[in-house]
Amino acid sequence: MNFDLWETPTVQADGADEGCVTFVLHDEDHTLGNSLRYMIMKNADVEFCGYTITHPSESKINFRIQTRGGIPAAEPLRRGLNELSDVCQHVLNTFQARVNEFKERQEQPME
Amino acid sequence: MAARRENVEEIRNRVILGEFGVTNVHTTDFPGNYPGYDDTWNVEKFQKNFRIDVVHLDENSMEFDMVGIDAAIANAFRRILLAEVPTMATEKVFIYSNTSIVQDEVLAHRLGLIPIKADPRLFEYRNTGEESAEEEGSEIDTIQLQLKIKCSRNPRASKDSSDPRELYLNHMVYSKDIKWVPIGNQADVFADCCIGPVHDDILIAQLRPGQELDIVMHCVKGIGKDHAKFSPVATASYRLLPEITLLEVVEGEKAERLKQCFSRGVIDLEDINGTKVAKVVNSRLDTCSREVLRHSDLKNVVKLGRVRDHFIFTVESTGILPPDVLVTEAIKVLVAKCQRFLNELDSTAME
(Lines give C-alpha, C1' and ligand atoms only; values in the text may rest on other atoms or scores of the structure.)
Protein backbone atom coordinates (compact mmCIF):
# COMPACT_ATOMS: atom_id res chain seq x y z
CA MET A 1 0.00 0.00 0.00
CA ASN A 2 1.43 3.33 -0.98
CA PHE A 3 0.56 6.64 0.60
CA ASP A 4 1.36 9.30 -1.97
CA LEU A 5 1.35 12.47 0.05
CA TRP A 6 1.62 15.25 -2.44
CA GLU A 7 2.93 13.63 -5.60
CA THR A 8 6.01 11.51 -4.99
CA PRO A 9 5.69 8.06 -3.40
CA THR A 10 6.39 8.08 0.30
CA VAL A 11 5.69 5.34 2.84
CA GLN A 12 8.06 3.06 4.59
CA ALA A 13 5.89 0.64 6.52
CA ASP A 14 7.77 -1.85 8.69
CA GLY A 15 6.73 -5.17 7.32
CA ALA A 16 3.08 -5.94 7.92
CA ASP A 17 2.68 -3.59 10.86
CA GLU A 18 0.48 -0.70 9.78
CA GLY A 19 0.99 0.96 13.12
CA CYS A 20 4.60 2.03 12.41
CA VAL A 21 4.75 4.25 9.34
CA THR A 22 7.06 6.98 8.09
CA PHE A 23 5.23 9.59 6.03
CA VAL A 24 7.12 11.91 3.73
CA LEU A 25 5.50 15.34 3.63
CA HIS A 26 6.71 17.50 0.76
CA ASP A 27 7.10 21.29 0.82
CA GLU A 28 6.93 21.34 4.59
CA ASP A 29 9.30 22.30 7.37
CA HIS A 30 9.26 22.94 11.11
CA THR A 31 6.20 25.13 10.77
CA LEU A 32 3.81 22.24 10.22
CA GLY A 33 6.18 19.50 11.42
CA ASN A 34 6.58 20.65 15.00
CA SER A 35 2.98 21.74 15.54
CA LEU A 36 1.63 18.50 14.06
CA ARG A 37 4.06 16.48 16.16
CA TYR A 38 2.77 18.21 19.29
CA MET A 39 -0.87 17.47 18.45
CA ILE A 40 -0.17 13.82 17.64
CA MET A 41 1.92 13.31 20.78
CA LYS A 42 -1.08 14.45 22.83
CA ASN A 43 -2.90 11.37 21.59
CA ALA A 44 -2.71 8.54 24.15
CA ASP A 45 -2.67 5.84 21.44
CA VAL A 46 0.59 7.07 19.98
CA GLU A 47 3.72 5.39 21.26
CA PHE A 48 6.18 7.45 19.24
CA CYS A 49 5.92 10.53 17.08
CA GLY A 50 8.78 12.51 15.60
CA TYR A 51 9.90 14.26 12.46
CA THR A 52 13.19 15.09 10.77
CA ILE A 53 14.17 17.34 7.94
CA THR A 54 16.18 15.01 5.74
CA HIS A 55 18.39 17.73 4.28
CA PRO A 56 18.03 21.49 4.64
CA SER A 57 18.29 21.99 0.90
CA GLU A 58 15.27 19.77 0.25
CA SER A 59 11.99 20.97 1.60
CA LYS A 60 10.49 17.75 2.85
CA ILE A 61 10.11 16.09 6.22
CA ASN A 62 10.07 12.47 7.33
CA PHE A 63 7.24 12.18 9.82
CA ARG A 64 7.20 8.96 11.84
CA ILE A 65 4.27 7.65 13.86
CA GLN A 66 4.25 4.44 15.90
CA THR A 67 0.97 3.47 17.53
CA ARG A 68 0.00 1.21 20.37
CA GLY A 69 -2.43 -1.60 19.95
CA GLY A 70 -2.27 -2.13 16.22
CA ILE A 71 -4.08 1.06 15.25
CA PRO A 72 -3.15 2.07 11.68
CA ALA A 73 -0.84 5.05 11.74
CA ALA A 74 -2.89 7.08 9.30
CA GLU A 75 -5.59 7.41 11.92
CA PRO A 76 -3.65 9.47 14.53
CA LEU A 77 -2.23 11.47 11.61
CA ARG A 78 -5.70 12.34 10.38
CA ARG A 79 -6.89 13.04 13.90
CA GLY A 80 -3.85 15.26 14.59
CA LEU A 81 -4.45 17.26 11.41
CA ASN A 82 -8.11 17.72 12.31
CA GLU A 83 -7.31 18.77 15.86
CA LEU A 84 -4.65 21.22 14.72
CA SER A 85 -7.12 22.65 12.25
CA ASP A 86 -9.70 23.05 15.04
CA VAL A 87 -7.16 24.71 17.32
CA CYS A 88 -6.34 27.22 14.60
CA GLN A 89 -10.01 27.88 13.99
CA HIS A 90 -10.60 28.54 17.68
CA VAL A 91 -7.54 30.80 17.86
CA LEU A 92 -8.79 32.69 14.81
CA ASN A 93 -12.28 33.20 16.25
CA THR A 94 -10.96 34.29 19.64
CA PHE A 95 -8.44 36.64 18.06
CA GLN A 96 -10.95 38.32 15.79
CA ALA A 97 -13.43 38.74 18.63
CA ARG A 98 -10.81 40.31 20.90
CA VAL A 99 -9.48 42.63 18.19
CA ASN A 100 -13.00 43.87 17.46
CA GLU A 101 -13.57 44.38 21.17
CA PHE A 102 -10.33 46.33 21.43
CA LYS A 103 -11.23 48.50 18.46
CA GLU A 104 -14.65 49.27 19.93
CA ARG A 105 -13.11 50.17 23.26
CA GLN A 106 -10.79 52.55 21.44
CA GLU A 107 -13.71 54.25 19.69
CA GLN A 108 -15.62 54.84 22.92
CA PRO A 109 -13.43 57.46 24.65
CA MET A 110 -13.76 59.60 21.56
CA GLU A 111 -17.54 59.79 21.79
CA MET B 1 4.45 15.05 49.16
CA ALA B 2 3.13 18.61 48.93
CA ALA B 3 6.58 19.96 48.10
CA ARG B 4 7.05 17.42 45.32
CA ARG B 5 3.69 18.29 43.85
CA GLU B 6 4.71 21.92 43.67
CA ASN B 7 7.94 20.96 42.01
CA VAL B 8 6.04 19.00 39.39
CA GLU B 9 3.80 21.96 38.70
CA GLU B 10 6.88 24.09 38.26
CA ILE B 11 8.48 21.64 35.84
CA ARG B 12 5.30 21.49 33.82
CA ASN B 13 4.57 25.21 33.66
CA ARG B 14 7.74 27.22 34.06
CA VAL B 15 11.03 27.73 32.27
CA ILE B 16 13.70 28.38 34.91
CA LEU B 17 16.38 31.02 34.27
CA GLY B 18 19.43 29.91 36.22
CA GLU B 19 22.81 31.52 36.67
CA PHE B 20 24.57 29.46 34.04
CA GLY B 21 21.75 28.19 31.90
CA VAL B 22 18.09 27.92 31.20
CA THR B 23 16.38 24.72 32.37
CA ASN B 24 13.01 23.06 31.92
CA VAL B 25 12.76 24.31 28.40
CA HIS B 26 10.91 21.50 26.66
CA THR B 27 7.23 20.75 26.72
CA THR B 28 6.81 17.57 28.74
CA ASP B 29 3.09 17.37 29.34
CA PHE B 30 2.36 14.46 27.01
CA PRO B 31 0.18 11.53 28.08
CA GLY B 32 2.09 9.04 30.20
CA ASN B 33 4.89 11.33 31.36
CA TYR B 34 3.38 12.31 34.69
CA PRO B 35 1.49 9.74 36.78
CA GLY B 36 -1.75 11.17 38.02
CA TYR B 37 -2.05 13.76 35.24
CA ASP B 38 -4.28 13.26 32.23
CA ASP B 39 -2.46 15.08 29.45
CA THR B 40 -4.42 13.73 26.52
CA TRP B 41 -5.62 16.44 24.17
CA ASN B 42 -8.91 17.79 25.46
CA VAL B 43 -10.67 20.40 23.37
CA GLU B 44 -12.82 21.75 26.20
CA LYS B 45 -9.85 22.15 28.52
CA PHE B 46 -7.93 23.96 25.80
CA GLN B 47 -10.80 26.29 24.98
CA LYS B 48 -11.34 27.04 28.64
CA ASN B 49 -7.71 27.91 29.31
CA PHE B 50 -7.02 29.71 26.06
CA ARG B 51 -7.29 33.47 25.87
CA ILE B 52 -6.00 36.35 23.80
CA ASP B 53 -5.52 39.88 25.15
CA VAL B 54 -4.76 42.73 22.78
CA VAL B 55 -2.46 45.20 24.48
CA HIS B 56 -1.72 47.65 21.68
CA LEU B 57 -3.02 47.99 18.15
CA ASP B 58 -2.44 50.68 15.58
CA GLU B 59 -2.11 50.68 11.82
CA ASN B 60 1.51 49.56 11.79
CA SER B 61 2.15 47.38 14.80
CA MET B 62 0.35 45.39 17.40
CA GLU B 63 1.17 43.66 20.65
CA PHE B 64 -1.04 40.90 21.97
CA ASP B 65 -0.86 38.06 24.48
CA MET B 66 -1.68 34.49 23.61
CA VAL B 67 -2.16 32.37 26.73
CA GLY B 68 -2.75 28.66 27.03
CA ILE B 69 -1.15 27.42 23.84
CA ASP B 70 2.02 25.44 23.24
CA ALA B 71 5.26 26.85 21.86
CA ALA B 72 5.07 24.59 18.78
CA ILE B 73 1.89 26.25 17.56
CA ALA B 74 2.86 29.78 18.61
CA ASN B 75 6.14 29.33 16.74
CA ALA B 76 4.26 28.04 13.70
CA PHE B 77 2.27 31.30 13.63
CA ARG B 78 5.45 33.34 13.94
CA ARG B 79 7.16 31.43 11.13
CA ILE B 80 4.14 31.81 8.89
CA LEU B 81 3.95 35.56 9.57
CA LEU B 82 7.56 35.93 8.49
CA ALA B 83 7.65 33.62 5.50
CA GLU B 84 4.31 32.35 4.26
CA VAL B 85 1.80 35.19 4.19
CA PRO B 86 1.75 36.34 0.54
CA THR B 87 2.23 39.93 -0.62
CA MET B 88 2.81 41.75 -3.90
CA ALA B 89 6.33 42.90 -4.73
CA THR B 90 8.27 43.91 -7.83
CA GLU B 91 9.63 40.85 -9.58
CA LYS B 92 10.51 41.83 -13.15
CA VAL B 93 12.17 45.16 -13.87
CA PHE B 94 12.30 46.24 -17.52
CA ILE B 95 15.00 48.86 -17.81
CA TYR B 96 14.55 50.89 -20.97
CA SER B 97 17.02 53.56 -19.97
CA ASN B 98 19.29 53.86 -16.95
CA THR B 99 22.03 56.46 -17.29
CA SER B 100 22.44 56.98 -13.56
CA ILE B 101 25.50 55.79 -11.67
CA VAL B 102 23.48 53.06 -9.92
CA GLN B 103 24.03 49.76 -11.72
CA ASP B 104 21.03 48.08 -13.35
CA GLU B 105 21.01 45.09 -11.05
CA VAL B 106 21.50 47.15 -7.91
CA LEU B 107 18.64 49.39 -8.97
CA ALA B 108 16.43 46.38 -9.72
CA HIS B 109 17.27 44.89 -6.33
CA ARG B 110 16.31 48.11 -4.57
CA LEU B 111 13.06 48.38 -6.49
CA GLY B 112 12.15 44.83 -5.48
CA LEU B 113 12.48 45.67 -1.80
CA ILE B 114 10.06 48.60 -1.89
CA PRO B 115 6.77 47.53 -0.22
CA ILE B 116 3.81 47.87 -2.62
CA LYS B 117 0.44 48.76 -1.18
CA ALA B 118 -1.86 46.27 -2.87
CA ASP B 119 -4.10 43.75 -1.15
CA PRO B 120 -2.55 40.40 -2.11
CA ARG B 121 -5.83 38.60 -1.46
CA LEU B 122 -7.27 40.23 -4.57
CA PHE B 123 -4.58 38.80 -6.83
CA GLU B 124 -3.62 35.33 -8.01
CA TYR B 125 -0.24 33.71 -8.14
CA ARG B 126 1.37 33.91 -11.53
CA ASN B 127 1.47 30.61 -13.35
CA THR B 128 5.16 29.81 -13.66
CA GLY B 129 4.60 27.24 -16.42
CA GLU B 130 5.33 28.75 -19.84
CA GLU B 131 7.43 31.81 -19.18
CA SER B 132 7.77 32.98 -22.77
CA ALA B 133 4.07 32.73 -23.57
CA GLU B 134 2.88 34.42 -20.38
CA GLU B 135 5.58 37.03 -20.30
CA GLU B 136 3.29 40.00 -20.13
CA GLY B 137 1.16 38.72 -17.28
CA SER B 138 -2.52 39.45 -16.97
CA GLU B 139 -4.61 41.78 -14.90
CA ILE B 140 -5.40 39.18 -12.23
CA ASP B 141 -1.83 38.42 -11.31
CA THR B 142 0.32 41.42 -12.19
CA ILE B 143 0.60 45.04 -11.20
CA GLN B 144 2.48 47.31 -13.58
CA LEU B 145 4.39 50.27 -12.20
CA GLN B 146 6.42 52.87 -14.03
CA LEU B 147 9.35 55.01 -12.99
CA LYS B 148 10.23 57.67 -15.56
CA ILE B 149 12.32 60.55 -14.37
CA LYS B 150 14.98 62.81 -15.83
CA CYS B 151 17.28 65.16 -13.96
CA SER B 152 17.91 68.60 -15.39
CA ARG B 153 19.62 71.81 -14.41
CA ASN B 154 17.49 74.37 -12.63
CA PRO B 155 17.45 77.52 -14.80
CA ARG B 156 16.40 79.64 -11.84
CA ALA B 157 19.32 78.75 -9.57
CA SER B 158 21.66 81.55 -8.52
CA LYS B 159 25.12 81.61 -10.11
CA ASP B 160 27.22 80.84 -7.05
CA SER B 161 25.05 78.32 -5.20
CA SER B 162 26.45 74.89 -4.49
CA ASP B 163 23.37 73.30 -2.96
CA PRO B 164 22.18 70.41 -5.14
CA ARG B 165 18.60 71.05 -4.04
CA GLU B 166 18.81 74.45 -5.68
CA LEU B 167 20.93 73.62 -8.66
CA TYR B 168 19.13 70.58 -10.01
CA LEU B 169 15.58 69.45 -10.64
CA ASN B 170 14.63 65.82 -9.88
CA HIS B 171 18.08 64.89 -8.63
CA MET B 172 16.72 62.58 -5.92
CA VAL B 173 14.51 59.74 -7.10
CA TYR B 174 12.01 58.86 -4.41
CA SER B 175 9.42 56.10 -4.31
CA LYS B 176 6.72 58.72 -4.78
CA ASP B 177 7.92 59.00 -8.38
CA ILE B 178 6.74 55.46 -9.04
CA LYS B 179 3.41 55.57 -10.83
CA TRP B 180 0.85 52.83 -11.21
CA VAL B 181 -0.10 51.86 -14.77
CA PRO B 182 -3.42 49.98 -14.63
CA ILE B 183 -3.73 47.07 -17.04
CA GLY B 184 -6.96 45.53 -18.24
CA ASN B 185 -9.86 46.24 -15.90
CA GLN B 186 -7.67 47.18 -12.95
CA ALA B 187 -8.60 50.84 -13.34
CA ASP B 188 -12.23 49.99 -12.53
CA VAL B 189 -11.62 47.30 -9.92
CA PHE B 190 -9.06 49.33 -7.95
CA ALA B 191 -10.50 52.76 -8.62
CA ASP B 192 -10.64 53.86 -4.99
CA CYS B 193 -7.59 52.17 -3.50
CA CYS B 194 -4.47 53.76 -4.93
CA ILE B 195 -1.92 51.10 -5.77
CA GLY B 196 1.67 52.13 -5.37
CA PRO B 197 4.52 52.12 -2.88
CA VAL B 198 3.48 52.20 0.77
CA HIS B 199 5.94 54.97 1.66
CA ASP B 200 6.60 58.04 -0.47
CA ASP B 201 9.99 58.94 0.83
CA ILE B 202 12.18 55.94 0.08
CA LEU B 203 15.26 57.20 -1.77
CA ILE B 204 15.90 54.97 -4.78
CA ALA B 205 18.71 56.71 -6.66
CA GLN B 206 20.41 60.06 -7.09
CA LEU B 207 20.80 61.71 -10.50
CA ARG B 208 22.67 64.61 -12.05
CA PRO B 209 21.64 66.66 -15.09
CA GLY B 210 21.34 64.55 -18.21
CA GLN B 211 20.82 61.28 -16.35
CA GLU B 212 17.50 59.59 -16.57
CA LEU B 213 15.60 56.50 -15.49
CA ASP B 214 12.95 54.88 -17.68
CA ILE B 215 11.79 51.70 -16.00
CA VAL B 216 8.70 49.50 -16.06
CA MET B 217 8.12 47.07 -13.20
CA HIS B 218 5.88 44.05 -12.93
CA CYS B 219 4.76 43.11 -9.43
CA VAL B 220 3.62 39.61 -8.67
CA LYS B 221 2.34 37.71 -5.65
CA GLY B 222 4.86 35.73 -3.67
CA ILE B 223 5.80 34.52 -0.19
CA GLY B 224 8.73 35.35 2.07
CA LYS B 225 10.09 31.81 1.76
CA ASP B 226 10.89 32.56 -1.87
CA HIS B 227 12.43 36.01 -1.32
CA ALA B 228 12.48 38.25 1.71
CA LYS B 229 10.98 41.12 -0.29
CA PHE B 230 7.64 39.30 -0.09
CA SER B 231 7.61 39.25 3.72
CA PRO B 232 4.66 41.35 4.98
CA VAL B 233 6.15 42.07 8.42
CA ALA B 234 9.04 44.29 9.37
CA THR B 235 9.36 41.69 12.03
CA ALA B 236 7.15 39.35 14.03
CA SER B 237 8.41 37.96 17.29
CA TYR B 238 7.23 36.66 20.63
CA ARG B 239 8.62 36.37 24.11
CA LEU B 240 7.43 34.41 27.12
CA LEU B 241 6.00 36.23 30.12
CA PRO B 242 8.73 36.60 32.75
CA GLU B 243 8.00 35.59 36.34
CA ILE B 244 9.97 36.96 39.27
CA THR B 245 9.41 35.51 42.75
CA LEU B 246 11.03 36.94 45.84
CA LEU B 247 11.94 34.09 48.16
CA GLU B 248 12.49 36.24 51.23
CA VAL B 249 11.75 39.75 52.47
CA VAL B 250 14.26 42.23 51.08
CA GLU B 251 14.58 45.57 52.85
CA GLY B 252 16.53 48.75 52.95
CA GLU B 253 19.68 49.21 50.92
CA LYS B 254 19.53 45.63 49.64
CA ALA B 255 16.06 46.36 48.27
CA GLU B 256 17.40 49.42 46.53
CA ARG B 257 20.10 47.37 44.82
CA LEU B 258 17.58 44.68 43.92
CA LYS B 259 15.47 47.31 42.22
CA GLN B 260 18.44 48.44 40.11
CA CYS B 261 19.01 44.91 38.85
CA PHE B 262 15.74 44.76 36.99
CA SER B 263 14.22 46.94 34.28
CA ARG B 264 12.47 50.07 35.42
CA GLY B 265 8.99 49.51 36.78
CA VAL B 266 9.44 45.84 37.63
CA ILE B 267 10.29 46.20 41.33
CA ASP B 268 8.89 48.88 43.59
CA LEU B 269 9.90 49.84 47.08
CA GLU B 270 7.03 49.93 49.56
CA ASP B 271 7.26 51.76 52.83
CA ILE B 272 6.30 49.34 55.62
CA ASN B 273 6.87 50.47 59.22
CA GLY B 274 9.55 52.88 58.14
CA THR B 275 11.69 50.51 56.11
CA LYS B 276 11.61 50.14 52.34
CA VAL B 277 10.56 46.66 51.30
CA ALA B 278 10.93 45.39 47.75
CA LYS B 279 7.85 44.14 45.93
CA VAL B 280 7.41 42.80 42.42
CA VAL B 281 4.98 45.12 40.69
CA ASN B 282 5.03 44.28 37.00
CA SER B 283 7.22 41.41 35.87
CA ARG B 284 6.01 41.81 32.28
CA LEU B 285 8.29 44.80 31.76
CA ASP B 286 11.42 42.84 32.60
CA THR B 287 13.86 42.00 29.83
CA CYS B 288 15.23 38.99 31.78
CA SER B 289 18.84 40.12 31.75
CA ARG B 290 19.50 37.99 34.85
CA GLU B 291 21.61 40.84 36.25
CA VAL B 292 20.48 39.95 39.76
CA LEU B 293 22.25 36.58 39.51
CA ARG B 294 25.59 38.36 39.17
CA HIS B 295 25.42 39.62 42.75
CA SER B 296 26.27 36.93 45.29
CA ASP B 297 24.05 38.33 48.04
CA LEU B 298 21.05 38.88 45.79
CA LYS B 299 21.05 35.76 43.71
CA ASN B 300 19.50 33.48 46.32
CA VAL B 301 16.74 35.92 47.14
CA VAL B 302 15.05 35.76 43.77
CA LYS B 303 13.69 33.02 41.54
CA LEU B 304 13.58 33.92 37.85
CA GLY B 305 11.49 32.07 35.38
CA ARG B 306 9.15 32.35 32.45
CA VAL B 307 5.59 31.13 32.08
CA ARG B 308 5.76 28.45 29.40
CA ASP B 309 2.39 28.95 27.75
CA HIS B 310 2.06 32.75 27.86
CA PHE B 311 3.32 34.36 24.64
CA ILE B 312 3.65 38.10 24.16
CA PHE B 313 3.54 38.60 20.40
CA THR B 314 4.79 41.75 18.70
CA VAL B 315 3.88 42.13 15.02
CA GLU B 316 5.19 45.10 13.02
CA SER B 317 3.73 45.41 9.56
CA THR B 318 5.51 47.01 6.58
CA GLY B 319 2.27 48.83 5.84
CA ILE B 320 0.84 46.59 3.13
CA LEU B 321 -1.76 45.02 5.42
CA PRO B 322 -2.72 46.03 8.97
CA PRO B 323 -1.13 43.78 11.62
CA ASP B 324 -4.38 42.22 12.82
CA VAL B 325 -5.21 41.20 9.25
CA LEU B 326 -1.73 39.67 8.96
CA VAL B 327 -2.27 37.50 12.03
CA THR B 328 -5.64 36.26 10.76
CA GLU B 329 -4.09 35.48 7.38
CA ALA B 330 -1.26 33.58 9.07
CA ILE B 331 -3.71 31.43 11.04
CA LYS B 332 -5.65 30.74 7.84
CA VAL B 333 -2.42 29.61 6.13
CA LEU B 334 -1.86 27.01 8.85
CA VAL B 335 -5.45 25.79 8.49
CA ALA B 336 -4.91 25.52 4.73
CA LYS B 337 -1.76 23.43 5.27
CA CYS B 338 -3.67 20.97 7.45
CA GLN B 339 -6.51 20.82 4.93
CA ARG B 340 -4.08 20.07 2.12
CA PHE B 341 -2.76 16.97 3.86
CA LEU B 342 -6.22 15.89 4.98
CA ASN B 343 -7.36 16.00 1.36
CA GLU B 344 -4.31 14.02 0.30
CA LEU B 345 -4.98 11.41 2.99
CA ASP B 346 -8.60 11.14 1.87
CA SER B 347 -7.71 10.80 -1.80
CA THR B 348 -5.15 8.08 -1.12
CA ALA B 349 -7.56 6.28 1.19
CA MET B 350 -10.00 6.02 -1.70
CA GLU B 351 -7.56 3.90 -3.67
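Hydrogens, waters and symmetry mates play no part in the numbers below; they use all other heavy atoms, side chains included. Residue numbers begin at 1 in each chain, while the letters A, B, ... track the order of the sequences. Values in this document were obtained by computation on a predicted structure and should not be read as measured data.
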(request) Could you have a look at Thr27(B), Ile80(B), Asp29(B), Asp38(B) and say which one has the most heavy-atom pairs with chain A under 4.5 angstrom? (result) Asp29(B)
(request) Kindly state each residue pair satisfying ring pair (Phe, Tyr, Trp, His ring centres under 6.0 Å) with at least one member in residues 76-95 of chain A, sequence neighbours excluded. (result) His90(A)-Phe46(B), His90(A)-Phe50(B), Phe95(A)-Phe64(B)
(request) Under 4.5 Å, counting heavy-atom pairs only, tell me which of Asp39(B), Asn42(B), Asn343(B) racks up the most with chain A. (result) Asp39(B)
(message) So if I take each residue of residues 43-55 of chain A and look for any heavy atom under 4.5 Å from a heavy atom in chain B, which residues do I end up with?
(response) Asn43(A), Ala44(A)
(message) Taking the basic N atoms (NZ, or NE/NH1/NH2) and the acidic carboxylate oxygens, is any pair closer than 4.0 Å for Glu75(A) and Arg78(A)?
(response) no
(request) Taking only Lys NZ, Arg NE, NH1 and NH2, and the carboxylate oxygens of Asp or Glu, determine whether Arg284(B) and Asp286(B) approach each other closer than 4.0 Å. (result) no
(request) Heavy atoms only, distances under 4.5 angstrom: which of Asn75(B), Leu334(B), Leu57(B) has the most pairs with chain A? Name it, please. (result) Leu57(B)
(message) Taking the basic N atoms (NZ, or NE/NH1/NH2) and the acidic carboxylate oxygens, is any pair closer than 4.0 Å for Lys221(B) and Asp141(B)?
(response) no
(request) Give a yes or no on whether a salt bridge exists between Lys229(B) and Glu91(B), defined as a side-chain N under 4.0 angstrom from a carboxylate O. (result) yes
(request) Could you check which of Met39(A), Arg37(A), Gln89(A), Gln96(A) has the highest count of heavy-atom pairs closer than 4.5 Å to chain B? (result) Met39(A)
(message) Salt bridge check, Arg79(B) against Asp29(A): does any charged N sit closer than 4.0 Å to a carboxylate O?
(response) yes
(message) When you compare the side chain of Val87(A) with that of Trp41(B), does any pair of heavy atoms fall below 4.5 Å?
(response) yes
(request) Side chain from CB out, backbone as N, CA, C, O: work out which of these in Glu101(A) comes under 4.5 Å of a heavy atom of chain B, or both, or neither. (result) neither
(request) Output yes when Glu329(B) and Arg121(B) qualify as a salt bridge under the 4.0 Å nitrogen-oxygen rule, no when they do not. (result) yes
(request) Sort Tyr38(A) into side chain, backbone, both or neither according to what part of it lies under 4.5 angstrom from a heavy atom of chain B. (result) both
(request) Would you mind telling me which of Asp86(A), Val99(A), Leu81(A) has the largest number of heavy-atom pairs within less than 4.5 Å of chain B? (result) Leu81(A)
(message) Using only atom types and a distance under 3.5 Å, with no angle test, would you say the side chain of Ser283(B) pairs donor to acceptor with the backbone of Pro242(B)?
(response) yes
(message) Report, in residue-number order, which members of residues 307-327 of chain B are under 4.5 Å from chain A by heavy-atom distance.
(response) Asp324(B), Val327(B)
(request) Taking only Lys NZ, Arg NE, NH1 and NH2, and the carboxylate oxygens of Asp or Glu, determine whether Arg79(A) and Glu83(A) approach each other closer than 4.0 Å. (result) yes
(request) Check whether any side-chain heavy atom of Asp27(A) lies under 4.5 Å from a side-chain heavy atom of Arg340(B), and answer yes or no. (result) yes
(message) Going by side-chain hydrogen bond (donor to acceptor under 3.5 Å, both in side chains), name the residues that satisfy it together with Asp192(B), two or more places apart in sequence or in a different chain.
(response) none
(request) Please answer whether the main-chain N or O of Gly224(B) pairs with a side-chain N or O of Ser231(B) as donor and acceptor at a distance below 3.5 Å. (result) no
(request) Name the option with the most non-hydrogen atom pairs under 4.5 Å to chain A; the candidates are Ile69(B), Val43(B), Asp70(B). (result) Asp70(B)
